[in-house]
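As structure tokens, the structure follows; a few thoughts come after it.
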2 protein chains.
Amino acid sequence: MAAVILPTIDAEVPAGGLSIGAVSEATGLSIDTLRYYEKAGLLLDPAPRDPGGRRRYGHDDLDWIAGLIMLRETGMSIADVRRMAELSRVPDTEAERLVVLEAHRERVLAELEHTRAHLTALEKKISAYTAVIALTADHDDDPAS
Amino acid sequence: MAAVILPTIDAEVPAGGLSIGAVSEATGLSIDTLRYYEKAGLLLDPAPRDPGGRRRYGHDDLDWIAGLIMLRETGMSIADVRRMAELSRVPDTEAERLVVLEAHRERVLAELEHTRAHLTALEKKISAYTAVIALTADHDDDPAS
DNA sequence: GCTTGACCTGGAGCGCACTCCAGGTTGCAC
DNA sequence: GTGCAACCTGGAGTGCGCTCCAGGTCAAGC
């Protein structure tokens, strides 16, 4: 399970596309999750099927999934990703999509800031504990104790 | 509902302590959440009660709750906060607590890094959209179009 | 032709972190 | 002493995001 970080997935797509198992491998999403996302309308379209009815993901599908992962990993809800997908199915909505992405970016920045602030508190607490322990250790290190 | 950021809560504690409503106000935690945390063992001890059976939070209780919020807001699970509370009830476990806090800090840093990486992808996507829209706008702005 | 493993569908189940509810008590204000 | 808001308890319910399951199909290898 390769951890996907950037909006490209490092898997060459053979002619005929990738199986759901291969996509799961490449993205780190479970097979069940991939099916769930499809059913939930998070993909632009259901993945194309081969004659036997199995999913065969192409290049475009992977690109979309990479973007989807980017949104989910930055905390966008399933419902909001679905809205983004719905919007992306409508032609000439680039401006609207941009608005959504920028609003999301703002939320992500705010959340990072929020977490960082609490992290500072955590580090203060760690310092306090370190100080207390240093004192105790002094005591214990006393060869006469 | 004041947003609590640092491990101190800005509310003077009158003699006799604060009601659960006042603590909810001061911390931003809902009354139900405060009761839930208590029942779930996230507090050092159940909040002290007045003769009528109502909760009266003292200084120490608020300090602990502030630390609890710090842990929750940096993504520690309820189960792990409970473990921390259990540990904190045992005397002379400062070193163990420090280990837990430092491990948590590492996780928080990793998660921040992870989110930042995905944020970068998001910003790349935003740039791409901005470029596309600029082109479209050029078109539309053409007085002859 | 048989086995095996990867895949299919619809739907149920789960873990988490609350949130809500019913029915009751308390205590102050008038 | 009546009304009212704030509080109490135990327990049920909720929303989210998966995850698992039963029962079946398909395709490649032996």
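In what follows, chains carry the letters A, B, and so on, assigned in the order in which the sequence lines appear, proteins first and then strands, with residues in each chain numbered from 1.
Following rounding to the nearest Å, A:Tyr36 (OH) and C:dC14 (P) show an atom-to-atom distance of 18 Å. For the pair A:Glu38 CD and C:dC8 C1', the interatomic distance rounds to 11 Å; values are reported in whole Å. Separating the CG atom of B:Asp80 from the P atom of C:dG15 is a distance of 16 Å, rounded to the nearest angstrom. Residue B:Arg82 contributes atom CZ, which lies 14 Å from atom P of C:dG15 at whole-angstrom precision.
Heavy-atom nearest nucleotides on DNA chain C were determined for B:Ile78 and for A:Arg56, and the one closer to the 5' end corresponds to A:Arg56.
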Polar atoms only, N or O, under 3.5 Å: list the protein pairs with nucleotides 27-30 of chain C and their distances.
none

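An OP1 or OP2 oxygen of C:dC18 is reached within less than 4.0 angstrom by a side-chain nitrogen or oxygen of B:Arg72. When the side-chain nitrogen and oxygen atoms of B:Thr33 are compared with OP1 and OP2 of C:dT19, one or more of them lie within a distance under 4.0 Å.
Among the atoms of the strands shown, base atoms are found under 4.0 Å from some heavy atom of A:Arg35.
By the 4.0 Å N-to-carboxylate-O rule, A:Glu94 lies close enough to A:Arg97 to be salt-bridged with it.
Heavy atoms from other residues, nucleotides or ligands lying under 6.0 Å from CD of B:Glu96 number more than 12.
Read 5' to 3', the first and last nucleotides of DNA chain D with an atom closer than 4.0 Å to a heavy atom of chain A are D:dG17 to D:dA27.
The side chain to side chain contact (heavy atoms under 4.5 Å, CB included) test applied to B:Ala95 returns A:Ile133, not counting sequence neighbours.
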*Apply side chain to side chain contact (heavy atoms under 4.5 Å, CB included) to A:Leu119 and A:Glu123, showing your working.*
CA-CA 6 Å; A:Leu119 175 63; A:Glu123 288 176 334; 4.1 Å; yes
